Amino acid sequence: MIDKRFAFEQLPDWVEDQVIAWRRYLHQHPELSFHEHETAAFVENTLREMEGLTISRPTPTSVVAVLKGDQLGPVIAFRADMDALPIHEENTFDFVSSTPGVMHACGHDGHTAMLLAAAKLLTEKRDYLRGEIRFIFQHAEELPPGGAIELVEAGVMDGVDYVFGVHLASLLPVGQIGIRHGEMMASPDNFTIVIKGYGGHAGYPHRAVDVITVGTQLVGHLQHIVSRLTDPLERLVVSVTQFTAGSSHNVIPHSATLKGTVRSFKPSVRQEVPEIIRKMSEGIAALYGATVEVNFVYGYEPVINDEWLTNLVHEAAVEVVGADLVIATPPGMGGEDFSAYQQRVRGTFVNIGAGNEAEGIIFPHHHPKFTIDESSLLTGVKLFLQVADKLLTTKS
Ligand code: NI
């Protein structure tokens, strides 16, 4: 009997060594967002060795490969991100970053390796494929406005029915898959508040307008947005992350700058908060005779998973690791530009456990000692295949 399924209970022998080798090569050669030239070339060259793919470069540092079946069927996009971070790696294994100050500290090396392996396995069974798979190797997930929106604008979602993506998660034990229905990751919006006062001598504060006093009052008041001024049932974070002012012991500075981030899910909350920040800043500044300029920049849309597709992926995950190892991931207040695809088509995003306490693989994402348990890569590859199996095998 011919095995028409894409899914494997046991992956072919070559997969493990190959996916680890790809991940290690990418780990050793990290590139920052929008600068993934070598990475994209590596991905393109690797894909060119596979049969049946139509390969394109929608932007200078992204790669899309299309695999089409002979029969009509759904079009599904699988997405991996490829960029690294401006972090100096502190790991000591023999494939650490060869570029000082740049590191794959979020697992995107693993995402790319897993999707390459899935592409190779699926091309080998393309005779049984109906519909179409688009393998999207995306640049610049880490840096707004992000690569996803550029790819959407370049048309990569045109005609797509479903989009599916995974993220390795070092704080989730290896072997587990984390599924989230609905709201999964927040929209990360940023604000900058410049407070302008009247500089002067620290010994004569009454002749100055002290921006540090205004700024500290404002930091305190901003905490009330979550606790007093918005619906307590909505998920919302307001964090001030930078406060810059002053240069000496005896000078009251002329201006101060506050920066921070707002994390939320609902469009109504997203609209409401900037207005509150503006009013609060102007009101407090006015009390002391200062003025403010408030600038608000909207970031990625929130990641909100499609119910139907999430159910399907949930089933696929149970088939891959067993029901006991599929867990309900809680929503988080981090951001992800996968949401740009979900604005266009039904999509779901899942976490693949990659942590291993016994092996010391315990560091959070974006930490200089971040790494993954590489057996997580096999879980990810299997999940891509299982999802493809559910949506795209020929029924005959
Ligand atoms: Ni990431």
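A quick note: this is a predicted structure, and the numbers were derived from the prediction, not measured. One-based numbering, in listed order, for ligands and for the atoms of each.
The aromatic ring centroids of Y25 and F42 lie less than 6.0 Å from each other. Checked against the 6.0 Å centroid threshold, F338 and H167 do not count as a close aromatic pair.
Listed by first and then second residue, the side-chain hydrogen bond (donor to acceptor under 3.5 Å, both in side chains) pairs that reach into residues 251-261 are N190-T261, T261-R263, sequence neighbours excluded.
Because its NZ or CZ atom is not both nearer than 6.0 Å to the ring centre of W22 and within 45° of the ring axis, K120 does not count as a cation-pi partner of that residue. Judged by a 6.0 Å distance limit and a 45° cone about the ring axis, K125 is positioned over the six-membered ring of F8.
Applying the 6.0 Å contact sphere to CZ of F34 captures more than 12 heavy atoms from other residues, nucleotides or ligands.
Take the Ni ion (ligand 1) and draw a sphere of radius 2.8 Å; the protein N/O/S atoms inside it number 3.
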